[in-house]
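Input: a single structure, listed below in structure tokens.
Values below: all heavy atoms of this structure, side chains included; hydrogens, waters and symmetry mates excluded. The structure displayed is predicted, hence computed values, not measured ones.
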Amino acid sequence: MELTPKADFAPRVLNWFNQHGRKNLPWQQDKTPYRVWISEIMLQQTQVATVIPYYQRFMASFPDVFALAAAEQDDVLAHWSGLGYYARARNMHKAAQQLVNDWDGEFPQTQEGVCELPGIGRSTAAAILSISRGQQTAILDGNVKRVLSRYHAIPTWPGEKKTENAMWQLAESYMPAERCGDYTQAMMDLGATLCTRSKPQCLLCPLQRDCDGRISGDPTLFPVKKPKKADKPVKHTQMLVLISDHGILLEKRPATGIWGGLWSLPEIDNHADVALETEQRFPVSIDSVTPLPQFRHTFSHYHLEIRPQRLEVQANDTIGEDKYQWFNLEQALSLGLPAPVRTILEGLTL
DNA sequence: AAACCGGGGAC
DNA sequence: GTCCCAGGTTT
């Protein structure tokens with residue numbers, strides 16, 4: 001995919017930011033890497049209005065990376081309580097300790113370095129470095145993806161690797177050499193306030209005159225939706241867990257096809273009567289039948305709903321066909337088993 | 001209920 | 001490297 005940058009992009013965005021951008025949010029004062037970092041993590045998951053009080057409480061308790069690193073995890077999580085995504089708070093806490101231990105509490109100077117910290121990827125690293133240090137590193141968050149996919153009427157889903165790569169290239173080519181932090185902030189503001197998912201305000205947009213998405217007549221066609229993955233068909237089966245004095249009965253699968261050559265449990269049609277079918281197929285006498293919990297196993301192109309049935313039986317030590325064999329549980333678990341079969345056997349209490 | 005979200009982690 | 005998930009929110 002090839003996308004050609006257009007002229008005069010950043011100046012228009014920056015000029016719009018001068019007039020309409022937000023400049024008085026708490027994290028826009030004293031823009032240290034630490035303060036910008038915390039704000040970016042909070043803003044990844046939550047809107048500005050909600051974040052503000054959380055941010056202020058957080059900064060009051062953990063004013064710098066040393067305070068955060070020294071804090072108890074429970075205390076950090078308490079300050080996060082209500083924001084959700086607690087893994088991000090745990091990552092932040094871990095990253096703070098990494099910064100103190102490995103970097104004397106200073107953020108690395110390179111994007112790659114910042115990306116080493118847990119919870120910080122390429123885009124968040126770029127936001128931190130551009131806003132706090134004025135470095136020329138481009139972000140590509142949801143806002144920027146929306147702006148770029150509309151401005152260029154990008155016809156493919158941004159989740160595709162090649163689309164995403166092309167968008168990163170565009171993002172970097174538009175990042176100016178001056179006012180890098182303002183530009184990053186401007187792009188986020190543009191996406192959040194004008195170029196919104198629905199009802200974009202094109203008439204107020206500094207990019208309207210050559211925005212291919214607007215010119216197409218319907219900017220909300222972009223970014224194009226994720227292709228509906230024709231949801232996988234669901235198949236159903238019953239697996240027989242025959243248990244006798246000789247162990248558990250396994251069936252060797254044919255060499256080719258699904259689970260080729262593996263030892264599996266005998267299967268019967270989902271609607272078949274378990275006792276009837278079992279007595280027809282196997283020379284056994286059934287003492288009891290117990291349904292085990294049903295569960296789903298997913299393959300690349302379908303789901304398999306498995307209903308395991310446990311049967312206590314009396315039987316001879318051989319079934320009469322080579323492909324069937326009794327194994328004790330330990331032997332069975334040492335075999336090559338399909339994952340769902342292993343799951344069933346591991347959950348068995350004999 | 002369906003899309004979306006950045007990063008982590010499995011493969 | 002690539003794909004998919006966890007754990008949420010917004011539309």
Side-chain angles (χ1 to χ4, degrees), chain A residues 1 36-54 76-77 80-99 108 111-131 137-150 154 156-169 171-172 184 187-201 213 218-232 295-303 338-339 342-343:
Chain A
M1 176 164 332
V36 173
W37 169 42
I38 304 303
S39 75
E40 287 299 324
I41 301 298
M42 288 185 173
L43 289 165
Q44 274 176 17
Q45 64 201 48
T46 311
Q47 296 182 90
V48 168
T50 308
V51 163
I52 290 175
Y54 278 92
V76 178
L77 293 178
W80 208 262
S81 177
L83 280 177
Y85 297 103
Y86 296 94
R88 293 181 183 174
R90 285 193 294 271
N91 278 335
M92 264 186 30
H93 190 215
K94 224 184 296 175
Q97 296 173 335
Q98 233 169 276
L99 283 166
Q111 196 172 1
E112 300 72 39
V114 176
C115 281
E116 296 291 310
L117 298 164
I120 303 182
R122 179 174 175 183
S123 187
T124 302
I128 294 168
L129 291 179
S130 60
I131 293 174
T137 50
I139 62 167
L140 185 63
D141 68 353
N143 290 311
V144 176
K145 282 179 181 167
R146 198 164 50 250
V147 170
L148 292 180
S149 63
R150 285 178 179 166
I154 296 174
T156 49
W157 178 54
E160 266 173 56
K161 202 64 192 166
K162 63 190 201 324
T163 306
E164 201 191 347
N165 288 342
M167 292 181 58
W168 269 114
Q169 270 202 290
E172 304 212 309
T184 291
M187 289 298 287
M188 297 193 293
D189 282 9
L190 195 59
T193 65
L194 288 190
C195 197
T196 49
R197 193 127 72 94
S198 55
K199 309 235 179 95
Q201 302 196 255
D218 187 0
T220 65
L221 295 177
F222 308 94
V224 304
K225 301 247 199 324
K226 169 175 169 165
K228 270 217 197 340
K229 49 178 167 194
D231 36 8
K232 305 170 179 173
F295 66 101
R296 171 174 290 203
H297 182 73
T298 299
F299 295 96
S300 49
H301 15 344
Y302 64 93
H303 304 287
R342 182 169 296 274
T343 300

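- One can place CD1 of I139(A) at 9 Å from P of dG6(B), the figure rounded to the nearest angstrom.
- Atom-to-atom, NZ of K162(A) to C1' of dG1(C) comes out at 17 Å; the value is rounded to the nearest Å.
- Using modelled atom types and a 3.5 Å distance limit, the side chains of R88(A) and N91(A) yield no donor-acceptor pair.
- For the pair D141(A) CG and dC5(B) P, the computed distance is 9 Å after rounding to whole Å.
- Summarising the geometry, the separation between CG on L140(A) and P on dC4(B) is reported as 15 Å, rounded to the nearest angstrom.
- Between the CD atom of E164(A) and the P atom of dG7(B) there is a distance of 10 Å, given to the nearest Å.
- Comparing dC5(B), dG7(B), dT11(C) by their closest approach to the side chain of S123(A) singles out dG7(B).
- The neighbour count for Q169(A) CD, taken as heavy atoms of other residues, nucleotides or ligands under 6.0 Å away, does not exceed 12.
- When the P atom of dA3(B) is taken as reference, atom CH2 of W157(A) falls 11 Å away, rounded to whole Å.
- Distances from the side chain of T124(A) to the nucleotides dG6(B), dC4(B), dC5(B) place dG6(B) closest.
- The nucleotide whose nearest atom lies closest to any side-chain atom of R197(A) is, among dG6(B), dG8(B), dT10(C), dT10(C).
- Comparing the P positions of dC4(C) and dA3(B) gives a spacing of 16 Å, expressed to the nearest Å.
- In this structure a side-chain-to-backbone donor-acceptor pair under 3.5 Å is missing from T220(A) to S198(A).
- Atom CG of L83(A) is separated from atom P of dT9(C) by 10 Å (rounded to the nearest Å).
- The distance from atom CD of E160(A) to atom P of dC4(C) is 13 Å, rounded to the nearest whole Å.
- Between Q47(A) and dT10(C) there is a side-chain polar atom (N or O) within less than 4.0 angstrom of OP1 or OP2.
- Among dC3(C), dG7(B), dC5(B), the nucleotide with an atom closest to any side-chain atom of K161(A) is dC3(C).
- Residue side chain R88(A) reaches the base of dG6(B) through a donor-acceptor N/O pair under 3.5 Å, judged by distance alone.
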